[in-house]
Amino acid sequence: MNSTIYKKKSPLAVFLIPAFLFMALFLYYPFAMNIYNSFCNITGLGTAAEGFNSPWYLNYGKLFQDPIMNTALFNTMLLMILTIIFQVGIALLLALLIDNIKKGTQFFRTVYFFPIVISATALGLLFNLIFLYDGGMVNQLLLKFGVTDMIDWKDEAHFLFTMMTPVMWQYVGFYFVIIVTGLNNISPDIYEAAEIDGASGFNRVRYISLPLLHNVLITCLILAVTGALKVFDLPWVMMGAGMPMDQSWLTGTYMYNQTFTMGDVDYGSTIAIVIVVIGVVVSQAANRIFKEKDY
Amino acid sequence: MRTADTREPARPHGVRRRVQPGKVLIYLVLSFWAVTTVYPFLWVIMNSFKVKGLIRSDSFSVPTGDSFTLDNYKTAFDRVDISGAYKNSLVISAAVTVVVVLLAGFAAYGMARYQFRGRNALHSLIIASMMFPVFSTIIPVFRMMFGWHIVNTNSVALSQLSVILPQIAGNLSFAIVVLMGFIRGLPIDLEEAAYLEGYNIYQIFFKVIVPIAKPSFATVAIFTFLWSYNDLFTQMFFLRYKDAFTITRLLNEITSIAGVNYGLMAAAVVLVVVPVLVVYVFLQKNIIKGMTAGAIKG
C-alpha cells in the first residue's frame, strides 16, 4: 500500500497498541510464565511460588512416572487417530456424496454444521441422557430390538466409545464444510475432460477429486490432531473425574483436575506445556510427512 | 472462497442422468447423517415436556395429553437461577464481542494498510497466538488476576470482568486474521476518495472501512459471541460463586443438583440450546463461513 494516506505512521499506535497490549498481557506473558511455573513449587492457584523445585525438572520426571498421565496421553493419542479416521473420513465421504446432488445441499450443510455451534456442555448432558443405563435412548432402543441385557455405557468395557463418539460426531460437519469448499474449488473443466476420457464414478473420485483435495485434507488432518488436544467440555461433563477408575482422562481434563481439584499448580502447568509441545510436534510432523503439493 | 450455492449449475450432471438408483442411495446416506445430527435435539426437546418417569420408560413417544407437562421448566426456573445465569452470560458475551470487534477491527486495519518495520514479526505473533491452547495460559492469568483482586471475590461484576478479559484476548487473534484477510482485499480507491474529501484516518475507518466490511465484522461478532457463550473451561476457572454463574457453568452444575431428575436435565439442555438454535437458523451462512475461514487461514 503506497497510498499517501498511510504515509503518516502515528495513527498506527492507536490501531495496534490496544489489541497487542491485550494479547501481550493475557497470552504471550502468561504463556512464558507458564513455562517458568512448571519449574517452580506452587501449591495453590492464588499462592506465591515457593521457589524452584529441586531438582528444577522434578515435574518433568514425575510426568513419566505418573500412570494416570500415561492413560491421559494414551487416550488423547487414541482420540487423535480416531478423529482422523472417523471424523475426517465420514466428512470426506459425505462431501464426495453431496458433490453428486443438486437439491438439498444447503439443507445438509446447515444441519451437519449445527452441532458445532452448540456448547459442548449441553451436548455432554444430552449424551448423558442418551447413554443412561436406566432408560437412556440407546438402551431403550436396544430393548425395542429385543436385547434384555442393558449396557452400562460408562463401564470399563464401553467408556471409550461413550466418551469419544460424541466428540467425533460433533465436529464431522466442520470438516465436511471445509472439504465441500475444497471440492467446489476444483474446476468443472477437469471433470468434463475426464468424462470425455471415459472416467466416471469411482475413478473420478480416485484420480481427480482426492489428489486435488490433498492440501485441504492436510489442513483437516492438522486441525483434527490439534483439536483433539483441546477437547475438554464433553468428556468433563460426561465422565466427571476420570471415571471409571481413572481410565477416561484426557490431557486437558487431567490438567484441569491437577490444577484445580488437586491444587498441584506447577504440575498442571507442566501438563499444559506437554499439550503445547505435542500439538506443535504432531502438526509439524504431519506437514512434513504429507508435504503440501502444488497442482 | 467460493461456496456451494455460487457454482452449482457448472457440473455436467446431465451426462449421467441414468444413474438414478445411485442418487437415491446418496440421499439415503446423507439423510442418515442428518438424522443423527437433528434427532438427538428433537428427542431432548420432546422429553423435556414429559411427565416424570416417562423419559425412562418411553422416551420415543410424542408428549400429548396426560403425558405433556411444563413441570420440568418450572423446576428449572424455581430451583436453579436460570434467568440470572442468562443475564450473566449475556453481559459477558456482549462485552467480549464489542471489545473484540472494535480492537480487532483497529488492529486488522493497521496491519492490512500500513507498511512499517516489524510488521512481519507482529503478523507471526498473531498467528502463533492462535496455536496457544487455553490450558497453557490460564494458570498464570488466574494468578495475575488474583493479584489484582478481581478473582475469588464476592462481586458479580468483578467475576464477570475476570472472564471477560481472558476471553477477549483469546478471541482477538482469530478475529484479526479474518478481518485482515477481508480488508486487504478491498480496493484502496474509496479510502483515497474519502481522504481527498477531507476525512481523517479515523473517519475513514468508521465511515468507509467498517460499512464495507460489515459482513466480516458480523461474522467475527457472531463467532466471538457464540464462543464466549459456549465456553466452559475459562468460566470454570474464574466463576466460583453461584450469583456469577453463566448458563454453561450452571448447566455443568445441574448434573449434581438434578440427581435423577432427568426431566430437569432435559429442560436445562433445551434452555441452553434454544437461543443458539434461533441465532443459528437466522445467521447460519455467516457462522459457517466465519468458522471455516478462520480455521483455514490460521
Side-chain angles (χ1 to χ4, degrees), chain A residues 1 3 5-6 9 11-12 15-16 18-19 22-23 26-27 30-31 33-34 45-46 94 97-98 100-102 105 108 110-115 117-119 121-122 125-126 129 134-135 137 140 177-178 180-181 184 188 192 195 219 223 230 232-233 237 252 255 259 265 268-269 272 275-276, chain B residues 1-2 4 7-8 10-12 15 26 29-30 33-34 37-38 40 43-44 56 59 103 106-107 109-110 113-114 116 129 132-133 135-137 139-142 146 165-166 168-169 172 188 191-192 195 201 226 230 232-233 248 251-252 262 265 269 272-273 276 280 284 287-288 292 295-296:
Chain A
M1 301 299 139
S3 173
I5 321 171
Y6 302 114
K9 302 281 192 276
L12 254 186
F15 287 137
L16 296 184
F22 249 100
M23 291 200 279
F26 289 99
L27 291 176
F31 187 76
M33 213 38 211
N34 190 71
L45 268 171
L94 295 173
L97 288 179
I98 214 166
N100 288 302
I101 61 166
K102 277 183 188 169
T105 50
F108 286 121
T110 308
V111 167
Y112 291 175
F113 203 80
F114 176 56
V117 298
I118 299 300
S119 81
T121 322
L125 278 192
L126 173 57
L129 289 172
D134 181 18
M137 186 212 272
Q140 278 190 43
V177 170
I178 295 180
V180 164
T181 311
N184 291 338
E192 251 167 85
E195 204 96 39
T219 309
L223 285 172
K230 293 182 192 158
F232 175 80
D233 306 16
V237 174
M255 179 266 171
T259 311
V265 177
S269 310
I275 297 174
V276 178
Chain B
M1 197 179 5
R2 287 193 297 172
R7 75 112 210 22
E8 257 159 33
R11 199 61 48 85
V15 190
I26 287 174
V29 176
L30 291 173
W33 190 261
T37 62
V38 173
W43 181 81
V44 78
R56 269 153 65 196
S59 71
L103 296 193
F106 269 174
Y109 181 53
R113 285 305 195 224
Y114 284 89
F116 56 95
S129 64
F132 296 175
F135 307 115
S136 68
T137 53
I139 295 174
V141 167
F142 185 98
F146 186 80
L165 292 173
I168 290 172
L172 267 177
I188 205 163
E191 289 146 69
E192 276 171 344
Y195 185 66
I201 200 81
L226 279 179
N230 286 338
L232 176 67
F233 189 75
T248 37
L251 193 62
N252 182 52
Y262 301 125
M265 258 157 87
V269 172
V272 178
V273 169
V276 179
Y280 182 67
Q284 38 98 3
I287 294 173
I288 296 178
T292 38
I296 294 171

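Computation of the quantities below employed the complete heavy-atom set of this structure, encompassing side-chain atoms and omitting hydrogens, waters and symmetry-equivalent molecules. Sequence lines set the chain letters: A, B, ... in the order given, protein chains first and strands last, and positions in each chain run from 1.
- Contact tally against chain A (heavy-atom pairs below 4.5 Å) for Ile26(B), Val276(B), Val38(B): the top residue is Ile26(B).
- Note: Leu12(A) leads Ile98(A), Leu12(A), Val276(A) in heavy-atom pairs under 4.5 Å with chain B.
- Without hydrogens or angle criteria, Tyr280(B) side chain to Thr110(A) main chain gives a donor-acceptor distance under 3.5 Å.
- Using a 4.5 Å heavy-atom threshold, the side chains of Phe26(A) and Ile168(B) count as separate.
- Contact of Phe108(A) with chain B is made through the side chain alone, with heavy-atom distances under 4.5 Å.
- In terms of non-hydrogen atom pairs under 4.5 Å with chain B, the most contact-rich of Val265(A), Val237(A), Leu27(A), Ile275(A) is Leu27(A).
- Using a 4.5 Å cut-off on side-chain heavy atoms (C-beta onward), Thr259(A) and Phe142(B) make no contact.
- Scanning for side chain to side chain donor-acceptor pair (under 3.5 Å) contacts around Thr248(B) gives Gln235(B), with sequence neighbours left out.
- For Glu191(B), the side chain to side chain donor-acceptor pair (under 3.5 Å) test picks out Tyr6(A), Arg113(B), with sequence neighbours left out.
- Using a distance-only test at 3.5 Å, with no hydrogens or angles considered, no donor-acceptor pair links the side chain of Asn34(A) to the main chain of Ile139(B).
- The most heavy-atom pairs under 4.5 Å with chain A, out of Ala107(B), Gly110(B), Ser129(B), Pro140(B), come from Pro140(B).
- Rounded to the nearest 0.5 Å, atoms CH2 (Trp33(B)) and OH (Tyr112(A)) are 8.5 Å apart.
- Between Ala122(A) and Leu251(B) the shortest heavy-atom distance is CA-CD2, 3.4 Å.
- Side-chain contact between Leu16(A) and Phe116(B): present, with at least one pair of heavy atoms (C-beta onward) separated by less than 4.5 Å.
- When all heavy atoms of Pro30(A) and Val141(B) are compared, the pair lying nearest together is CG-CG2, 3.5 Å.
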Verdict with supporting geometry, Ile101(A) and Leu30(B), side-chain contact (heavy atoms from CB on, under 4.5 Å): CA-CA 10 Å; Ile101(A) 61 166; Leu30(B) 291 173; 3.6 Å; yes
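- A distance of 4.0 Å separates OG1 in Thr121(A) from CG in Leu232(B), rounded to the nearest 0.5 Å.
- For Met33(A), the parts lying under 4.5 angstrom from a heavy atom of chain B are both the backbone and the side chain.
- From Met23(A), atom CE reaches atom CZ of Phe132(B) across 10.0 Å, with rounding to the nearest 0.5 Å.
- Heavy atoms of Phe233(B) lying under 4.5 Å from chain A belong to its backbone as well as its side chain.
- Heavy-atom distances place the side chain of Phe146(B), and not its backbone, under 4.5 Å from chain A.
- In terms of non-hydrogen atom pairs under 4.5 Å with chain B, the most contact-rich of Pro18(A), Pro11(A), Ser269(A), Gly268(A) is Pro11(A).
- Only the side chain of Val272(B) has a heavy atom closer than 4.5 Å to any heavy atom of chain A.
- With a threshold of 4.5 angstrom between heavy atoms, Phe31(A) approaches chain B through its backbone and through its side chain.
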